[in-house]
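Okay, structure first, notes after.
The figures that follow rest on heavy atoms only: side chains count, while hydrogens, waters and symmetry mates do not. Chain letters run A, B, ... following the sequence lines, proteins first, then strands; residues in each count from 1.
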Protein chains: 2
Amino acid sequence: MPRRNDTRDRTLRTAVDLFRVHGYHGTGLNQVLAAGGLPKGSLYFHFPGGKEQLAAEAVTMAGAEFRTRITETFDRAATPADALADAMRVLADELTAADFAHGCPIGTVAIDADSDRVRAACADAFAQWHSVISAALHRSGLSNADTLATAVLSAVEGAQLLARNRRDTTPLYAVAETFAPLLKG
Amino acid sequence: MPRRNDTRDRTLRTAVDLFRVHGYHGTGLNQVLAAGGLPKGSLYFHFPGGKEQLAAEAVTMAGAEFRTRITETFDRAATPADALADAMRVLADELTAADFAHGCPIGTVAIDADSDRVRAACADAFAQWHSVISAALHRSGLSNADTLATAVLSAVEGAQLLARNRRDTTPLYAVAETFAPLLKG
DNA sequence: CCGCGACTATACAGACCGGTCTAGTAAAAA
DNA sequence: TTTTTACTAGACCGGTCTGTATAGTCGCGG
């Protein structure tokens, strides 16, 4: 087996970055190739399923990375309330550093991708995040951890949307503050 | 002043319906005209600013309509908790009836419109909603009504995103249930 | 050193995009 | 009736979109 380079992986990473900024329809394939300095001839070699496959895999990749980050945040914090506050602070810092250019890599794609394959990939990523959060809340002895985790996930996604649109991180901190009393382990 | 028909208004209404389904980049101008049976020659007569203006005005229109609905919901309910539960039930019913095809008319556009004019129109709509919610919470004697209203708005937007993506209204009800203890006037 | 498989360059198809233009119709105003 | 204004029909522009087809180049195993 010759070569095996990292083009495929770099394509995915570039795609993640662009999709979370411009959304599914707002991101062109040429744009992805240009932004990543990627070979133009190999896109349909690595992703025979075209844009749909590229987006689905990008979502899956970003979902797995964030899943790890969420897990670590809960492991590191003393209480779920602390974990949420930590996470919101990090998200706020990243959003500010990026000049409010990007959104959640899953949510941004989920909201305007018509393809069912992409939709399913987003749903899967969300489900994994929910599972991690729910388990952490359960470990902290909170009742109805499942419902609470769904609400937290909703609030965080919505806060990212609002914060980006308003160019102001207030919503992220508002969510952390509001949920704090509900998340005291 | 001759004629003055309703073409402009019908164009806007059709645009609202399509933008909330396919997003900004996912919706084509031809598509809007075709879906509404609208005259092709008059788009740039009524909207010389092109797609950008059309989207901005559509967002503003939808924002105003929802603002009224939110106001009425809070006026009708005994407590803010009841109002939220009511609103979530209505959103869930509408989403189910539409077979999970649409999202929030503002959020869906806000997340992928690059134009600053459209972004500002979305921010304005969100600000109006926030203002209505915050005032209602304040009237019910809740402290930190402003922060709480921001969190509620975030959660509702996020829940709509998740519900649509999962094709399942659970997130909407989870938000209502989770916020209930915080919204007992 | 040959061949095969992994990978890339390049050209291009066909559709659709947002947007512009000109010519024309219809109704109210003068 | 003539003029002015409101509005529409429909062709058309250049550009970009996703996706395909073909001809390569590169690097290792044999």
Protein proximity profile, nucleotides 11-18 of chain C - base contact B, sugar-phosphate-only contact S, no contact -, cut-off 4.0 Å on heavy atoms: ------SS
Ring geometry between A:Phe179 and B:Phe179 (parallel below 30°, tilted from 30 to 60°, perpendicular above 60°): perpendicular
Donor-acceptor under 3.5 Å (A:Lys51 side chain, A:Tyr24 main chain): yes
[X] [atom1] to [N] [atom2]: how many Å, rounded?
X: B:Asp9; N: D:dC7; atom1: CG; atom2: P; result: 12 Å
X: A:Asp6; N: C:dT8; atom1: CG; atom2: C1'; result: 14 Å
X: B:Leu38; N: D:dC7; atom1: CG; atom2: P; result: 14 Å
X: B:Phe45; N: D:dT5; atom1: CZ; atom2: P; result: 12 Å
X: A:Lys40; N: D:dC17; atom1: NZ; atom2: P; result: 11 Å
X: B:Leu43; N: C:dC21; atom1: CG; atom2: P; result: 16 Å
X: A:Leu54; N: D:dC17; atom1: CG; atom2: P; result: 14 Å

Distance test, side-chain N/O of [X] to OP1/OP2 of [N], below 4.0 Å:
X: A:Thr7; N: C:dC7; answer: no
X: B:Ser42; N: D:dC7; answer: no
X: A:His46; N: C:dA6; answer: no

Pair listing, salt bridge (Lys or Arg N to Asp or Glu O under 4.0 Å) test, anchored in residues 57-71 of chain A, at least two apart: A:Arg8-A:Glu57, A:Arg13-A:Glu65, A:Arg69-A:Glu94
Nearest-0.5 Å distance that lies between atom OG1 in A:Thr169 and atom CZ in A:Arg164: 15.0 Å
OG1-CZ distance between A:Thr96 and A:Arg167, expressed to the nearest 0.5 angstrom: 11.5 Å
Donor on one side chain, acceptor on other, B:Thr11 and B:His46, under 3.5 Å: no
